[in-house]
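Just so it is clear, the structure is predicted and the values come from calculations on it, not from any experiment. We're numbering straight along the sequence, starting at 1. Order of listing sets the numbers, starting from 1, for every ligand and every atom in it.
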Amino acid sequence: MMTGMEETDGLSQDNPMDEFTKARLFSRQGGGEKRIKDQHKKGKLTARERIATLLDEGSFQELGSLATHQVTDFGMAEKRFPGDGVVTGIGRIDGRRVAVYAQDFTVLGGSFSQVQAQKINRVQDLALESGIPVIGLNDSGGARVQEGVRSLAAYGEVFARNVKASGVIPQISVIMGPCAGGAVYSPALTDFTIMVDGTSAMLLTGPGVVASVTGEKVSSQELGGSDVHNTRSGNAHFRTRSDTEALALVQRILGYLPSNTQEDAPVLPSDDPIDRSDDELNVAVPSDGQSAYSMRKVLETIFDRDSLLEVHREFAPNAIVAFARLGGRSVGIVANEPSFMFGVLDINSSDKISRFVRLCDTFSLPVVTFVDCPGYLPGVDQEYNGVIRHGAKIIYAYCECSAPKISVVTRKAIGGSYVALGSRQMGADVTLAWPTAQIAVMGPEGAAPLVNGRQIREAADQDAERQRFIEEYRKRFFNPYRAADIGQIDEVIEPRETRFQLAQALDLLRTKVVSVVPKKHGLFPVRGDQSWRISHGAWR
Ligand code: HXC
């Protein structure tokens with residue numbers, strides 16, 4: 001075991017440059033050869049390798065590499081490592097400045113100490129003051145047990161800064177190993193959480209505690225692996241197969257975002273013509289008006305080639321939220337996915353959509369909404385679990401969003417889904433519809449007994465009467481023209497022209513200015529006794 005700088009022999013104590021070389025060498029050794037080998041055996045990179053992979057070559061400026069704890073209890077005096085289990089500093093990604101910290105599992109299991117917090121706080125503060133993103137690479141056994149309440153207080157310092165920075169600079173958490181106990185709340189307070197398959201786990205309590213408290217027997221992966229948080233809990237937004245993929249994803253995400261809310265997102269050169277039209281869009285919606293189709297494919301066709309990046313892809317797949325580019329400019333996309341549960345809105349998709357709309361608003365990214373939704377999901381389970389409150393989040397988020405908003409109704413926009421998903425009343429700036437749009441209060445099967453119940457009951461052939469009504473209703477209301485008549489839809493467009501129409505509207509809205517009522521903050525619809533992910537947005 002390494003015990004301190006005094007072990008690096010052969011260099012003069014009197015020569016400042018020797019002393020410097022010694023200190024630097026020592027600070028680069030992490031937890032030593034054996035632990036680095038163990039880290040590699042698990043398929044994980046070390047903290048320094050991760051930073052080198054993430055940042056532009058040669059751009060890393062380390063801060064605090066010599067800081068170490070002063071704890072003497074529990075034999076800690078012999079376990080002093082310069083840097084204290086976290087590597088922190090600033091650097092560049094694609095030439096843009098970022099702050100970064102990477103927990104070093106090879107040093108005391110990356111356990112979180114007072115000194116770790118001070119180092120992380122330092123880069124958080126510098127990032128907020130300078131308006132640059134913070135990226136946290138998590139790989140830690142949680143609060144350093146030997147430091148007692150000091151390490152708990154230290155977490156509080158990180159959380160407070162996460163909240164302060166929320167809605168000002170992008171914050172990205174990458175889980176690349178254990179992230180246990182209170183440590184999980186920092187990722188939950190940041191904008192994006194990426195998990196690495198197989199090696200990462202986010203758990204409030206480990207399997208042992210779960211077994212003793214609830215009697216449930218689960219493995220760490222079953223309890224908090226990337227699969228759980230991407231598909232079930234929704235706590236993670238992305239998963240990757242390796243550390244390297246995760247770090248490449250961070251670079252990609254940042255490409256869609258400004259460095260802070262006072263700046264614009266980067267505009268990339270695009271060789272995809274703005275007026276590219278695609279005939280396949282004209283037949284994207286099945287002619288029977290009912291069958292499923294892939295909204296994802298529609299989006300891939302409309303936006304710049306290969307620019308679609310789905311967030312929360314595996315959580316609530318009846319909705320799509322994604323970044324994309326149009327003419328090289330970043331946009332946020334919200335869409336229903338008719339190929340999964342008919343694109344219905346439910347509790348989880350309401351969470352997913354509302355959080356994303358707020359995220360786009362925070363960073364002033366235009367929100368383009370594609371609507372094909374039969375409405376909110378009916379049923380006892382949804383009602384008991386608060387679909388009303390969760391559904392209200394979508395309405396709240398759209399109404400609050402002052403970024404440019406454009407909606408395109410591709411097919412169903414029935415009842416609440418029409419109003420909630422980017423209607424004129426939610427502040428949509430431009431509303432478009434395809435000729436296949438069906439904008440109505442409710443479906444014909446539900447409307448028949450409500451509106452024509454008596455006639456149906458009194459008819460000699462009740463089925464024929466019901467069918468006659470359904471056909472009449474469908475013809476009269478299941479189209480975009482009633483909505484266009486009264487100005488709810490600005491224009492019914494040919495689907496193949498959607499890309500150009502959106503480009504025109506986005507160009508118009510680039511200089512959109514909205515005046516807002518000053519207030520401290522509103523009350524986003526949440527309930528105290530059910531967990532929810534912190535959403536953030538800012539009035540601009
Ligand atoms: C101090 C720790 C530590 C910790 C690990 N280590 N976690 N030291 N405090 N929290 C040390 C180990 O003693 C060991 O040191 C080295 O790191 C590597 O750990 P191993 O257990 O050998 O590694 P591994 O087998 O890979 O297991 C990793 C692990 C396990 C699954 C993360 O270490 C573990 O379960 N740790 C505790 C996780 C946990 O319950 N955290 C919650 C803490 S409470 P040596 O020198 O022996 O090699 C908390 C509340 C905060 O965080 C609330 C804030 C609001």
Side-chain angles (χ1 to χ4, degrees), residues 1-4 29-47 68-81 83-86 102-118 120-121 136-163 173 175-190 195-196 198-214 216-226 228 235 243 531 534:
M1 171 170 310
M2 298 162 69
T3 55
Q29 290 168 354
E33 277 299 307
K34 181 182 174 308
R35 283 164 203 271
I36 291 174
K37 265 197 195 137
D38 289 347
Q39 178 86 348
H40 287 158
K41 262 192 228 150
K42 289 178 192 158
K44 302 198 292 184
L45 298 175
T46 64
T68 188
H69 71 80
Q70 301 303 320
V71 177
T72 51
D73 300 338
F74 301 108
M76 287 302 281
E78 285 76 50
K79 292 182 178 177
R80 289 218 172 99
F81 296 86
D84 212 33
V86 68
Q103 290 176 314
D104 184 350
F105 192 83
T106 68
V107 173
L108 300 169
S111 56
F112 193 76
S113 66
Q114 197 173 31
V115 170
Q116 265 216 22
Q118 284 162 358
I120 293 173
N121 293 165
L137 310 180
N138 296 260
D139 190 356
S140 162
R144 187 173 295 166
V145 176
Q146 297 91 330
E147 292 207 11
V149 74
R150 266 183 290 204
S151 63
L152 298 184
Y155 271 125
E157 296 287 350
V158 172
F159 302 161
R161 283 166 178 79
N162 285 141
V163 174
S173 303
I175 317 298
M176 311 181 94
C179 180
V184 295
Y185 288 113
S186 179
L189 290 164
T190 61
M195 294 185 73
V196 180
T199 50
S200 70
M202 265 203 298
L203 325 141
L204 205 49
T205 54
V209 176
V210 171
S212 63
V213 175
T214 69
E216 294 161 300
K217 291 202 175 11
V218 279
S219 70
S220 160
Q221 282 297 308
E222 284 165 345
L223 192 58
S226 60
V228 172
N235 289 331
D243 282 13
S531 67
I534 294 279

*asked:* Between Q116 (side chain only) and G110 (backbone N and O only), is there a donor and an acceptor less than 3.5 Å apart?
replied: yes
Is there a donor-acceptor contact under 3.5 Å from the side chain of D73 to the main chain of V71?
no
Within-cut-off N or O pair, [X] and ligand 1, under 3.5 Å:
{"X": "G109", "answer": "yes"}
{"X": "R144", "answer": "no"}
{"X": "R35", "answer": "yes"}
{"X": "A183", "answer": "no"}
{"X": "P178", "answer": "no"}

Practice item. Would you check whether F112 reaches within less than 4.0 Å of ligand 1, judged by its heavy atoms? Key: no
Heavy atoms of R150 and Q114 approach each other most closely as CD-OE1, 3.2 Å
Result for ring-ring contact (aromatic ring centres under 6.0 Å, His included) between F112 and one of F105, Y155, Y185 points to Y155
Contact region, V145 to ligand 1, non-hydrogen atoms below 4.0 Å, reads both
Ligand 1 atoms nearer than 4.0 angstrom to some heavy atom of F105 are 23 (O), 26 (O), 28 (C)
A student checking ligand 1 against G182 at a 4.0 Å heavy-atom cut-off should list atoms 49 (C), 50 (C), 51 (C), 52 (O), 53 (C), 54 (C), 55 (C)
* **Ion pair D38/K42, N-O distance below 4.0 Å** => no
Exercise for review: Answer with yes or no whether the side chains of D139 and Q39 bring together a donor and an acceptor at under 3.5 Å.
Suggested key: yes
